[in-house]
K.L.:
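Sending over a structure as structure tokens; questions will come in a sec.
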Amino acid sequence: MQPTLPQPIDLMTEPIESIEVSLGDRSYPIWISTGLTESAEQPHFAKHFQAAVGDCTHVVLIHDAAVSNTIASRVEQQLDQAGIRITNISIPSGETSKSVSMLETIWSTMLESGTDRRSVVVAVGGGVVGDLAGFAAASFTRGLRFVQVPTTLLSMVDSSVGGKTGINLPGGKNMVGSFWQPQMVWIDTQSLSTLPDRDFISGMAEVIKYGVIEDAEFFSWLQDKAARLIEKDAETLRYAIRKSCESKARVVAEDERETSGRRAILNYGHTFAHAIEATAGYGVCLHGEAVSIGMQMAAHLAIDMELCDRSLLEEQTAVLSAAKLPLAWKDADPEKMLPVMSRDKKVSHGKLRFVLPDRIGHVAMVGDVPSKKVIAAILACRDEPKG
């Protein structure tokens, strides 16, 4: 018996917008809306899901425990009503879940539930769940179809887009993983309404990052709208998310697997940030908080390297401050951070390399950076700036 193919979707009748990540036969849509997953009248998610993946009779639903009774439940309900068998896997919240032991638990559950190559993995949660579930999808039976349903601002604008998946090792963040593109990314900003303020604000760092690295016009918009974003205004949020996703989609389309160096610009501030996270202990400092501080360290380094004027740091500081993000870390320890940074994936022939700005809207990879300048940049961000 031939499977019933999903009916075409009339996008003109739905309050939703989309962006395409253009990767040839691996291209996929990012859908952005507010409240459509909650709709009792129309199974919006299930319709778009079936259009994206085609034939599907089994879903492995991997979700953050914090959203079990909210958006994960709605997604499960819509898939169940579509006649799809569901294997439900709840993941404890927090960075510590991105581990070998948790991945093994997922693999074992998938095996026991009869998961095969026709199954689809659906990740509902923040970046931790997306990275973990994506790697499980990429590795089980050498690759399963995968759908992302990000529920945090950080995952909506960053980790759910671009195909990076992975887990942490005790000595390094995201050191084991793969590139594995989803079939679809489904963003419903309604899920942000219950997100703790600290987690929401953490995601603002990645939004601001896009303005610094690639889109000066968007940065200018953020200078005016950062406060409005903090209030979680739906229309403002959708615009910021769309602009961020468009920026990342452009970069990923140009350099999907980081072969040309173009995609490395997305790691602005991250070399410092990953060292902050690792030395503080995963989960102590949220990823976006570390990125914010890392961006400040990177700007200080760029000034010391005579790549940009101090005005760039001042503008960046003002926007990060308006978003209520941290600008310094009093426990920053160069002696502990440098060994972690030496294991960063951007290291080349033992030499530290950094993504550094020369102006708002443009960054470049800079190699062979003297350790003493890196140390100075770290020390410059031990105390919050005055004024």
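For reference, positions follow the sequence shown, starting with 1. Keep in mind that what you see is a predicted model, and the values were worked out from it rather than measured.
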K.L.:
Are E256 and R26 ion-paired here, with the side-chain N under 4.0 Å from a carboxylate O?
P.N.:
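The answer is yes: the pair qualifies as a salt bridge.
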K.L.:
Could you pull out all residues at least two apart from F146 that satisfy ring pair (Phe, Tyr, Trp, His ring centres under 6.0 Å)?
P.N.:
none
K.L.:
Taking atom types as modelled, is there a side-chain donor on S68 or H63 under 3.5 Å from an acceptor on the other?
P.N.:
yes
K.L.:
Go through the side-chain N and O atoms of S155 and T152 and say whether any donor and acceptor fall under 3.5 Å apart.
P.N.:
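On atom types as modelled, these side chains qualify, holding a pair under 3.5 Å.
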K.L.:
With sequence neighbours excluded, tell me which residues meet salt bridge (Lys or Arg N to Asp or Glu O under 4.0 Å) with E254.
P.N.:
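Per chain and number, E254 pairs via salt bridge (Lys or Arg N to Asp or Glu O under 4.0 Å) with R262.
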K.L.:
How would you list, by chain and number, every residue that makes a ring pair (Phe, Tyr, Trp, His ring centres under 6.0 Å) with W221, sequence neighbours excluded?
P.N.:
F218, Y239
K.L.:
Can you spot which of H274, H270, K98 makes a side chain to side chain donor-acceptor pair (under 3.5 Å) with N174?
P.N.:
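Going through H274, H270, K98 one by one, the side chain to side chain donor-acceptor pair (under 3.5 Å) with N174 is satisfied by K98 alone.
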K.L.:
Could I get the full list of salt bridge (Lys or Arg N to Asp or Glu O under 4.0 Å) partners for D80, not counting sequence neighbours?
P.N.:
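Scan of D80 (salt bridge (Lys or Arg N to Asp or Glu O under 4.0 Å), adjacent residues dropped) gives none.
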K.L.:
Do D55 and R118 meet the salt-bridge criterion of a basic N to acidic O distance under 4.0 Å?
P.N.:
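Yes, this pair counts.
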K.L.:
Verify the distance criterion only: is there a donor paired with an acceptor across the side chains of Y28 and E20 at less than 3.5 Å?
P.N.:
no
K.L.:
Looking at E235 and R238, is any side-chain nitrogen of the basic one under 4.0 Å from a carboxylate oxygen of the acidic one?
P.N.:
no
K.L.:
Can you name the closest pair of heavy atoms from S97 and V128 and give their distance?
P.N.:
CB-CG1, 4.0 Å
K.L.:
For S247 and E214, which I'm curious about, is there any donor-acceptor pair between the side chains at under 3.5 Å?
P.N.:
yes
K.L.:
Going by atom types only, do W186 and S33 share a side-chain donor-acceptor pair under 3.5 Å?
P.N.:
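No, because no side-chain N or O of W186 sits under 3.5 Å from a partner of the opposite role on S33.
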K.L.:
Establish, for the pair K164 and F179, whether the NZ or CZ atom is under 6.0 angstrom from the six-membered ring centre and no further than 45 degrees off its axis.
P.N.:
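No.
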K.L.:
Distance-only criterion, 3.5 Å: show the donor-acceptor pairs between side-chain atoms of residues 314-330 and protein atoms not counting sequence neighbours.
P.N.:
from: E315; atom 1: OE1; to: Q223; atom 2: NE2; distance (Å): 3.3
from: Q316; atom 1: OE1; to: Y268; atom 2: OH; distance (Å): 2.8
from: Q316; atom 1: NE2; to: M295; atom 2: O; distance (Å): 3.0
from: Q316; atom 1: NE2; to: Q296; atom 2: OE1; distance (Å): 2.7
from: T317; atom 1: OG1; to: Q296; atom 2: NE2; distance (Å): 2.9
from: T317; atom 1: OG1; to: L313; atom 2: O; distance (Å): 2.7
from: S321; atom 1: OG; to: T317; atom 2: O; distance (Å): 2.8

K.L.:
Indicate whether the side chain of S202 and that of H287 have a donor and an acceptor atom separated by less than 3.5 Å.
P.N.:
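H287 and S202 do not have a side-chain donor-acceptor pair below 3.5 Å.
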K.L.:
May I have all residue pairs that pass side-chain hydrogen bond (donor to acceptor under 3.5 Å, both in side chains) and include part of residues 369-385, sequence neighbours excluded?
P.N.:
D304-K373
